[in-house]
Structure formats: C-alpha cells, structure tokens
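Report on the structure given below.
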Protein chains: 4
Amino acid sequence: MEISNSKPDTRSRILQAAIRVFSQKGFHNARVEEIATEAQVGKGTVYEYFSSKEELFYQLFKSCSDAYLKSLTQDLASLNSVGDRLEKIVYLHLKFIKNHRDIARIIFQEHHELGEKLHRWIWSKREEKLNIISNLLEEGIRKGELRAVNTRVAAQVFLGAVVSVGSTIAFAGDDVPLAETTTAIVEIFLKGVGR
Amino acid sequence: MEISNSKPDTRSRILQAAIRVFSQKGFHNARVEEIATEAQVGKGTVYEYFSSKEELFYQLFKSCSDAYLKSLTQDLASLNSVGDRLEKIVYLHLKFIKNHRDIARIIFQEHHELGEKLHRWIWSKREEKLNIISNLLEEGIRKGELRAVNTRVAAQVFLGAVVSVGSTIAFAGDDVPLAETTTAIVEIFLKGVGR
Amino acid sequence: MEISNSKPDTRSRILQAAIRVFSQKGFHNARVEEIATEAQVGKGTVYEYFSSKEELFYQLFKSCSDAYLKSLTQDLASLNSVGDRLEKIVYLHLKFIKNHRDIARIIFQEHHELGEKLHRWIWSKREEKLNIISNLLEEGIRKGELRAVNTRVAAQVFLGAVVSVGSTIAFAGDDVPLAETTTAIVEIFLKGVGR
Amino acid sequence: MEISNSKPDTRSRILQAAIRVFSQKGFHNARVEEIATEAQVGKGTVYEYFSSKEELFYQLFKSCSDAYLKSLTQDLASLNSVGDRLEKIVYLHLKFIKNHRDIARIIFQEHHELGEKLHRWIWSKREEKLNIISNLLEEGIRKGELRAVNTRVAAQVFLGAVVSVGSTIAFAGDDVPLAETTTAIVEIFLKGVGR
DNA sequence: AATGAATGAGTCTTCATTCAT
DNA sequence: CATGAATGAAGACTCATTCAT
C-alpha cells in the first residue's frame with residue numbers, strides 16, 4: 001500500500017518546473033530543455049504530458065488561474081458587507097502574490113506575445129473579474145453602502161489599484177506589510193484621498 | 001532649423017515601421033525583415049541605424065516614453081491645484097492612448113520577456129512616474145488639499161487606476177468619452193466610492 | 001498439428017498489424033506504437049519479438065515474399081506447357097494482388113528508402129524471379145515452343161509487364177477481370193502486338 | 001559584362017546537390033544539411049529557395065520529370081511509323097537512364113512514402129504516359145500496323161517492360177548495349193516470344 | 001549609405017528504443 | 001512474458017545578423 005510518495009508524479013514535477021522557469025524567463029526565453037532538466041526528466045518526457053510548449057504554458061496558466069479564482073470566490077462567500085468583501089479581495093490578492101510570487105508573475109502579467117488565442121482568453125478572464133467587482137459595487141450602491149458611481153469605471157479603478165500594488169510586490173520585490181497596505185488601499189478606494 | 005522633408009529620414013521611417021510592427025506582434029513575434037519592408041528599406045539598412053533588434057526596441061521605447069513624459073511635464077507646469085494636475089494627468093494619459101494606440105501598446109505594457117536589462121530600465125521609469133505622483137500628493141497634503149494618506153500606496157493606486165482604464169482602451173478597444181471618464185476616475189480617487 | 005486458437009499468437013498479431021500499417025503508411029511514416037496498438041499489445045512487446053522496426057519490416061517482407069514464391073512454385077509444378085506456366089504466373093500474381101492488396105503493396109513495391117542491406121536483398125529476390133522466368137523461357141526455346149530470343153531481356157519484359165498491370169490494381173485500384181487480363185497479357189507476350 | 005560564370009547560381013547548385021543526395025539516400029534518409037554542404041551553401045540558404053524539404057523534392061521531381069517528358073515529345077514528333085515511335089520511346093528512355101542515372105533513380109521510382117499529394121501527382125503522370133502509348137497503339141491499329149489488342153493493357157505491358165529494363169540499368173547497374181536492347185524489347189513487344 | 005543573399009547557432013519536436021516493474 | 005513511462009539522439013526549420021557589392 002502506497003500512502004505517500006517522496007517523488008511526486010511526473011506531470012506535477014513538470015508543471016512545477018515550468019512555473020519556475022516561465023516566471024523567471026518569460027515564455028519566449030524559457031527553454032523546454034531547461035524545464036525538463038529542472039523537473040529532472042528527459043526532454044521527450046515533457047511532450048508525453050503536453051503536446052507543445054505553448055500547450056504547457058496554457059495548461060499551467062489555466063490551472064493556476066482557475067485555482068486562484070476558485071479560492072477567491074470561496075473566501076468571499078461568508079462575508080456580508082461590500083466593504084469587507086472588497087477588503088478581502090485586496091488582502092487575498094496581495095497574500096497570494098507574496099506566497100506564490102512565481103505563479104503570480106505568470107498569471108498576473110500581460111501576455112501580448114502569445115498569440116490571439118491566449119490573449120483573448122486572458123482578457124475574457126479580466127472581464128470576468130471586472131464583472132464580479134462591478135456587481136459587488138452595484139450591490140453596495142443598492143444597499144446604500146456606496147455612492148452612485150459609474151461601476152464599470154470604478155471596477156477598473158479598483159482592479160487597477162490592486163494589480164498595481166500587487167505588481168510592485170511581484171516584480172519590484174517590495175516587501176509590504178499585508179494588513180496595513182490592504183487597509184490603505186481600501187480606505188483610499190472608499191473614502192478617497194481628498195479632504 | 002529643420003526644413004520639412006517629403007521623404008522623412010530613414011531612421012524615422014524605421015522607427016515608425018517598428019512602432020507598427022512591434023505594437024501588433026510584440027517583440028518576439030516581430031521580424032526585423034518585416035520592419036524593414038514596412039519602412040521600405042533593405043534589411044541591412046536597419047542595422048546601419050540600430051545595432052540590434054533589441055537596441056531598436058530600446059531606442060523606440062525610450063524616445064516614445066521620453067516624449068510622452070516630457071509633454072506631460074510641460075502641460076502640468078501651468079496648473080496650480082493638485083486636483084487639477086491629477087485630472088490633467090489622467091486626461092492626457094487617456095487622450096494619448098486614444099491617439100497613439102500603437103505607441104501606447106508598446107510603452108504601457110509590461111515587458112517581462114525582454115531580459116533583465118530592459119526590464120529594470122522600464123521599472124525605473126515606473127518608479128519615476130510613481131515619484132512624480134507621490135510628490136504631487138505630498139504637495140497636496142502640505143497644502144491641505146488632501147488627507148494625510150500613505151503617498152507611496154496612494155501613488156500606486158492612482159497609477160494603477162489610470163493604467164487599468166488605459167489598458168481597456170488600448171487593448172480591449174473600449175471607446176470611452178474622455179472627459180467624463182477622466183472626471184469619474186479623479187472623483188473616485190479624491191472622494192472615494194463610499195458614502 | 002496446430003489447433004486453431006481464437007487468440008492467435010502474439011507474433012502473428014504483430015505481423016498482421018504491421019502489414020496493415022506498413023501498407024497504408026509506408027515504412028518511414030509507420031509508427032511502431034501504431035503497430036503495437038493495432039496488434040493490441042504494448043509497445044515493448046513488439047521488441048520482444050523483433051529487435052527493431054527495420055527487422056520487423058524485413059521479417060514481414062521475407063515471410064510474405066517467401067510464402068508467395070512457395071505457393072507460386074507449387075502451383076506451377078503440375079503444368080507442362082511453358083505457355084500454360086507463364087499464364088499461371090500472371091494469373092496467380094494478379095489474383096494474389098487482388099486478394100492481398102495490403103501485402104502486395106509491401107512486397108511488390110520498390111524500397112529505395114530502406115538502406116542498402118534490405119535494398120540488396122530485395123533486388124536479389126527480383127533476380128531470383130528473373131531467373132525462374134529465364135529458365136522457363138529457355139525451356140520453351142529448347143522445346144520449340146518459343147523463338148530464340150534474348151531470355152534475360154525477355155524475362156525483364158515479362159516481369160515488368162506483370163508488375164505494371166499488378167501495380168495498377170494495387171495502387172490505382174483498377175478492378176480488372178482476372179481471366180481476360182491474364183489472357184491479354186500472355187497473348188501479347190507470346191504473339192506480340194504487331195500484325 | 002558577364003558572359004559566363006564558373007559558379008552557377010545558388011538555386012541550381014542546390015538542385016544539383018539535391019539530385020545527388022536524394023538519388024543516393026532516398027527522400028527520408030536525405031538530410032537537408034547534407035544537401036546544403038554538397039551544394040556548398042549554408043543550411044539556411046536552402047530555405048531561401050525552397051520552403052521545405054518536401055517542396056525541394058517536389059520542385060526537383062517536377063522539373064526533371066517535365067524536362068524528360070518534353071524532350072521525349074519533341075523527339076517523337078518527326079517519326080511517322082508507330083513502330084519507329086515505340087522504338088524511339090524505348091531508346092530514349094534507356095539512354096536517359098544511362099546518362100542521368102541519378103535523376104532516373106528519382107523520377108522513375110515509386111514514391112509511396114511521400115504522402116498522398118505527391119503520390120497522386122506521380123500516378124497522374126503515369127496515366128499521362130499510358131495515354132500517350134494507348135493513343136499510339138490505337139493509331140497503329142487504325143493504320144493496320146498493329147493487331148486489334150486491348151490498348152489499355154498493351155500500354156501497361158509496354159510501359160512495364162520499358163520501366164523494368166530501365167530499373168535494372170538504374171538500380172542494379174546493368175550495363176547493357178543500348179541499341180540491341182532497344183531492338184530486343186520492341187521486337188518482343190511487336191512479334192511476341194512465341195513461335 | 002544601402003542592400004539582400006547567405007549564414008548557422010539555436011529550438012522545438014519526433015519517435016525508435018530501453019528497462020524497471 | 002508483457003508493459004508503457006521515460007529517454008535523448010537526431011533533424012527540420014527560423015531568423016537575427018553579417019558583409020561583399
């Protein structure tokens with residue numbers, strides 16, 4: 001009976017290696033051979049599990065992205081106040097980036113180099129997120145928690161703000177205090193910087 | 001004094017062609033030969049003016065980026081109120097993107113595929129912008145126009161908001177009313193969305 | 001005595017599968033894995049019975065070719081007249097192709113793609129056939145059935161004629177009446193087309 | 001003024017090299033790099049002139065084949081008697097093979113390994129030749145030079161005979177006397193081997 | 001200054017073959 | 001005997017760059 005195995009299955013090893021290599025080098029500068037070496041498998045083995053480099057990237061992107069969105073949705077379910085939920089979104093996003101910088105560098109960057117197909121898919125994901133936030137804001141307006149603002153623009157502002165701070169953590173390496181930064185962002189978004 | 005020439009000089013033609021090709025295909029999928037053809041020069045001629053494809057991209061990026069920042073700085077000089085200047089920044093940014101979508105797609109996208117050197121340079125440019133905004137916000141705080149917020153975070157929020165809306169224009173093709181969108185963004189940033 | 005087995009032995013199953021795959025795709029485009037799948041065995045099993053893809057092809061070619069030649073020889077034994085034997089050769093050849101188009105596509109096509117060794121072996125087989133025919137023609141000349149022609153050339157002409165018509169059946173799919181076509185070929189060979 | 005050049009143009013050099021390599025190794029065992037080396041050009045240069053290895057082979061095959069058929073047609077034009085023309089066909093075919101064994105090994109062998117497209121094209125060429133011969137035979141029958149035989153079968157017999165002897169020259173290396181062999185073949189075809 | 005034919009280092013990808021189970 | 005996951009040598013093809021004209 002095999003309970004646990006010190007050597008995880010090959011497919012996972014390849015995906016993990018791919019995360020490391022893609023996040024450091026980007027898609028075009030990553031070499032399939034390097035991913036294979038990093039995963040301690042032969043070059044051909046990569047192709048046993050993924051039909052091409054592009055497919056490997058796509059699968060990686062999709063699984064990471066889906067996992068992120070799923071966990072986000074779950075954690076929001078228990079909260080009532082719109083403000084709390086916005087705060088949770090920011091907190092989870094920044095925490096995710098801190099803990100999974102490699103993955104973050106992959107799924108939160110723009111990918112204009114990868115052909116229309118993936119590009120469209122990524123933008124559709126962005127639209128999904130914008131819709132989630134829009135709906136949240138509309139709910140807030142209905143409930144009287146928020147002012148009657150243009151929710152499409154406000155959603156873009158909110159998402160942009162979060163991504164901007166997140167990028168600074170992921171790419172510039174800023175090591176910020178999570179709780180405080182979260183509070184700061186949400187406070188600005190809710191109260192504004194004006195006097 | 002430079003007298004206008006019906007046949008713009010070769011270097012400019014190459015840069016213009018490069019803008020078109022890079023913005024449509026991205027750096028890695030752009031072919032030097034295609035840029036040369038587009039510029040109506042021979043492939044070798046490109047190398048008379050730029051030592052490599054990467055150098056061409058860098059020069060292109062730098063000149064576009066500098067021109068943008070310079071015009072931005074000029075236009076801000078005449079304004080006194082911090083709020084007016086923030087509004088101007090947003091307006092000019094969105095207008096620039098609308099009018100120069102090609103260039104915008106180049107200088108406002110992330111470039112993680114281009115190796116450390118250029119990557120660092122681009123992030124340093126981002127830091128410049130963040131500093132400009134930070135300073136502006138600090139000035140606002142000193143003058144009593146703004147609340148005493150964390151200016152580093154607030155600058156990131158502001159920049160993120162602007163870039164986010166700009167991206168939607170540049171990449172998704174949203175055709176938004178400039179003045180209204182500008183007002184909406186700045187209002188949210190100053191007053192917040194909260195009640 | 002071999003008792004019929006509902007599950008024929010593995011080696012035969014592999015050979016049968018190889019006939020199907022090689023005849024449809026040719027040697028280079030045939031995949032060992034496809035042959036294994038077709039034979040309902042594992043990829044490694046093929047190598048239990050044949051040391052390499054080339055060896056598999058060789059064994060296949062040899063067994064099919066030998067079986068064909070053996071049956072041909074047997075069927076000729078009972079005939080006395082040279083003309084009858086020539087007619088039998090043509091008839092059996094065309095019938096074989098009609099009934100075993102797959103095998104025919106393998107053993108009656110040229111194989112210049114397979115390296116010197118196999119190439120030589122195949123040409124030696126051709127020489128065998130030419131010799132059988134030559135001897136037959138010489139016998140016919142001795143017996144006074146045939147004119148004194150150059151038997152080497154005549155054998156090549158006869159073999160070429162038969163192969164040519166056979167190819168049309170095997171590769172182009174011509175569905176010809178066996179008896180009539182056989183008669184036509186032999187008549188031309190014996191009487192010529194001249195008046 | 002450039003009258004002649006000891007170094008023929010690159011495209012021709014590649015084609016010549018391709019003839020040598022393809023005829024010795026066959027399509028699949030030929031290496032693009034080997035062709036390039038043989039042509040004294042870089043590997044990439046081959047791709048400046050031919051979009052792929054397959055395209056190179058196709059162009060080579062087509063040009064050689066067309067040139068052969070064209071010269072054949074021209075040489076036949078001046079002859080009246082059907083017998084003379086059949087003889088000419090045989091003679092030219094064997095002579096061509098003797099003088100251009102490399103090309104012959106390419107254009108007169110079967111190519112079942114090269115995918116449907118080329119395969120079909122080659123069979124259509126074979127049909128062309130069969131039709132030319134058929135028409136010739138029909139003319140002979142009308143003129144009373146020949147017996148009323150099945151011209152489709154007779155054409156296949158004739159073509160098969162010629163190809164068979166030609167193959168022996170091209171692949172087995174038989175060095176036959178051209179005139180005599182030609183006469184022998186045609187005589188068998190016209191008079192038959194029977195008494 | 002301008003050119004574009006020539007180049008070859010660098011990559012992805014295939015697939016026959018092996019071997020631990 | 002049987003297997004199929006793993007392998008890596010081998011090869012087609014790309015494209016930034018050079019240089020003779």
Once salt bridge (charged side-chain N to carboxylate O under 4.0 Å, His left out) is applied, do any residues pair with C:R120, and if so which ones, sequence neighbours excluded?
C:E116
For the residue pair C:F57 and C:F22, categorise the inter-ring angle as parallel (less than 30°), tilted (30 to 60°) or perpendicular (more than 60°).
perpendicular
Can you see if the side chain of D:S52 gets near the phosphate of F:dA12 - specifically, an N or O under 4.0 Å from OP1 or OP2?
no
Listed partners of C:S52 passing side chain to side chain donor-acceptor pair (under 3.5 Å), at least two apart
none
Any residue of residues 38-49 of chain A with a heavy atom less than 4.0 Å from an atom of DNA chain F
A:V41, A:G42, A:K43, A:G44, A:T45, A:E48, A:Y49
Expressed as a whole number of angstroms, how long is the span from B:R11:CZ to E:dA1:P?
14 Å
Whole Å only: how far is the CD atom of D:E54 from the C1' atom of F:dC13?
14 Å
I need the CD-C1' distance between B:E33 and E:dA6, as an integer number of Å.
12 Å
Dot-bracket for DNA chain E, 5' to 3', counting Watson-Crick or G-U wobble pairs under 3.5 Å, with [ ] for crossing pairs and | for inter-strand pairs?
.||||||||||||||||||||
So, using side chain to side chain donor-acceptor pair (under 3.5 Å) as the criterion, who are the partners of B:E55 when residues are at least two apart?
B:Q59
Rounding to an integer number of Å, can you tell me how far B:D9 CG sits from E:dA1 P?
13 Å
Please report the distance, rounded to the nearest Å, between CZ in A:F50 and P in F:dA5.
14 Å
Mind checking salt bridge (charged side-chain N to carboxylate O under 4.0 Å, His left out) for C:K125 and listing every partner two or more places apart, or none if nothing turns up?
C:D66, C:E128
Qualifying residues under salt bridge (charged side-chain N to carboxylate O under 4.0 Å, His left out), relative to A:E113, sequence neighbours excluded:
none
I need the minimum non-hydrogen distance between A:I107 and A:F61, along with the two atoms involved.
CA-CE1, 3.7 Å
Return all side-chain donor-acceptor pairs below 3.5 angstrom for residues 36-51 of chain A, not counting sequence neighbours, or 'none' if the list is empty.
unit_1: A:T37; atom_1: OG1; unit_2: A:E33; atom_2: O; d: 2.9
unit_1: A:E38; atom_1: OE2; unit_2: A:R20; atom_2: NE; d: 2.6
unit_1: A:T45; atom_1: OG1; unit_2: A:G42; atom_2: O; d: 3.4

Sequence neighbours left out, what passes salt bridge (charged side-chain N to carboxylate O under 4.0 Å, His left out) with B:D102? Give chain and number order.
none
Does F:dA5 have OP1 or OP2 under 4.0 Å away from a side-chain N or O of A:T10?
no
Between CD of C:E55 and P of E:dA16 the distance, given in whole Å, is 16 Å
Spacing of C:K53 atom NZ relative to E:dT14 atom P, expressed in whole Å
15 Å
By side chain to side chain donor-acceptor pair (under 3.5 Å), which residues pair with D:W123, not counting sequence neighbours?
D:H119
With sequence neighbours left out, the residues meeting side chain to side chain donor-acceptor pair (under 3.5 Å) with D:W121 are none
To the nearest Å, how far apart are D:L114 CG and F:dA12 P?
13 Å
Scan residues 23-31 of chain B against DNA chain F and write down, sorted by residue number, each residue with any heavy atom closer than 4.0 Å; if none is found, say none.
B:A30, B:R31
